[in-house]
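Keep in mind that this is a model prediction, so the values were computed, not measured. Order of the sequence lines sets the chain letters (A, B, ...), proteins ahead of strands, with each chain counted from 1.
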Protein chains: 2
Amino acid sequence: MSEDDRSVARERVIESMEQSAEVYGLSRSAGRIYGVLYFSEAPLSIPELVEETGYAKSTISNVTRTLTRIGLIYRRSSEGGGRRVHYTAEREIWFSLQDVFQQYVHREIQTTLRAIQRAEAQLPDDAGTEAERIEELRETYEDLREIVTLASDFTAAELRDALESYDR
Amino acid sequence: MSEDDRSVARERVIESMEQSAEVYGLSRSAGRIYGVLYFSEAPLSIPELVEETGYAKSTISNVTRTLTRIGLIYRRSSEGGGRRVHYTAEREIWFSLQDVFQQYVHREIQTTLRAIQRAEAQLPDDAGTEAERIEELRETYEDLREIVTLASDFTAAELRDALESYDR
DNA sequence: TCGTTCGTTCGGAGTGAGCCGAACAAACAG
DNA sequence: CTGTTTGTTCGGCTCACTCCGAACGAACGA
């Protein structure tokens, strides 16, 4: 088993992370940068990430900022108090994915609910089919909001267990 | 309460649907077209959708095709056996959202799992940190797959109830 | 049969996002 | 103080995506 085999296997997983990133609304570069950090033994600086990924320094800088903001990677000032900044990956990706979810889906749900509520406030209850359909929408979105809120407190294993053991 | 008030309220909700569409990986036009159909009393043909939305005929044609493919709207040949095609919205959006979810997330999870499994098959068990980290990834993704699979059989209310009543 | 209406397909314009390179600011080494 | 290294910011390029209009094929009515 050679070093080559290892890096091929690693590369394969990183490529799938690139693809996953797109699904979660991030760029491919974000997926690769996260992947490199995920497998890295030690924290990496921006020049090292440039070396590893082939992306431009500016790209690394921008992407690491957004990844840090979402909580997928951590930024640490170098141990020696040096200038260099080091990044490590959050390896419990479940929490990170939840955060991304909160950022995207929950925010969207809130926005939609506000729009629905404002529309309902404007319409009397007997306003016909419009009001009925808006009410249906609101009920579904309230369920959705509650689901997302509750799910954010679960670990993956707990969530799985909750669904498996639920008896209708 | 005027017709104007009704249409203003409707417009507000449709605008939020436009925005939601982007979050779910669809175009704004898809959000509007779905919204118009959602509130429409009767099924609408392409020319009528052109009239209602202001989009070009070709846009309507393309977008309705993708919306039909994901199951957010239904295509029906006209009653009279006529040439005209009519579209209606799936109003139980929960099912539609689940479908979109299946299309995007579940597919992505499967792809990632395959990549991980191929990588693991190539690596012996004692391959060091690479193998460990890949194994962690696999476990999380297996949970994820199970969660998505289970959740696809739940209604929104059931899912909400399952989470609310789960006792750790 | 001819004109009309409906729906799809194709090429092109406009737009936004991702990425790059250059320029810059800040902090260190010598 | 000077040169070097690190990280950020800015303008521009490219590519993909959305949407449009035009052209086309197919089905109907007269």
Under the salt bridge (charged side-chain N to carboxylate O under 4.0 Å, His left out) test, residues paired with E142(A) that sit two or more places apart: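 Scan of E142(A) (salt bridge (charged side-chain N to carboxylate O under 4.0 Å, His left out), adjacent residues dropped) gives R138(A).
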Stems formed with participation of DNA chain C [Watson-Crick or G-U wobble, under 3.5 Å, three or more pairs]: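 Result, WC/G-U stems under 3.5 Å: C:1-30 with D:1-30.
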Nearest to side-chain heavy atoms of S29(B), which nucleotide of dG7(C), dT18(D), dG7(D):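 Of the options given, the side chain of S29(B) lies nearest dT18(D).
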Side chain to side chain contact (heavy atoms under 4.5 Å, CB included), paired with Y34(B), selected from L26(B), I14(B), I93(B):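 Checked L26(B), I14(B), I93(B) against Y34(B); only one passes side chain to side chain contact (heavy atoms under 4.5 Å, CB included): I93(B).
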Pairwise side-chain contact, P43(B) with R76(B), heavy-atom cut-off 4.5 Å (strictly under):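 Side-chain contact under 4.5 Å: yes.
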Close approaches to DNA chain C from residues 11-28 of chain B, in residue order (heavy atom, under 4.0 Å):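 Contacting residues: none.
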Close residues, residues 66-74 of chain B, relative to DNA chain C [heavy-atom separation under 4.0 Å]: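 Within this stretch, nothing sits under 4.0 Å of the strand.
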Pairs meeting criterion ring pair (Phe, Tyr, Trp, His ring centres under 6.0 Å) with involvement of residues 128-162 of chain B, two or more places apart: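 Checked against ring pair (Phe, Tyr, Trp, His ring centres under 6.0 Å) - neighbours excluded - the pairs reaching residues 128-162 of chain B are Y166(A)-F154(B).
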Length of the line joining R84(B):CZ and dT8(C):P, which is rounded to integer Å: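 R84(B) atom CZ is separated from dT8(C) atom P by 13 Å.
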Atom CD of E139(A) with >12 non-hydrogen neighbours under 6.0 angstrom: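 Yes.
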Mind listing the N/O atom pairs, protein and nucleotides 20-22 of chain D, below 3.5 Å?
from    : atom 1 : to     : atom 2 : distance (Å)
dC20(D) : OP2    : A56(B) : N      : 2.9
dC20(D) : OP2    : T59(B) : OG1    : 2.6
dG21(D) : N7     : S58(B) : OG     : 3.2
dG21(D) : O6     : S58(B) : OG     : 2.9

Phosphate OP1/OP2 of dG7(C): any S61(B) side-chain N/O under 4.0 Å: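 Checking dG7(C) against S61(B), no side-chain N or O comes under 4.0 Å of OP1 or OP2.
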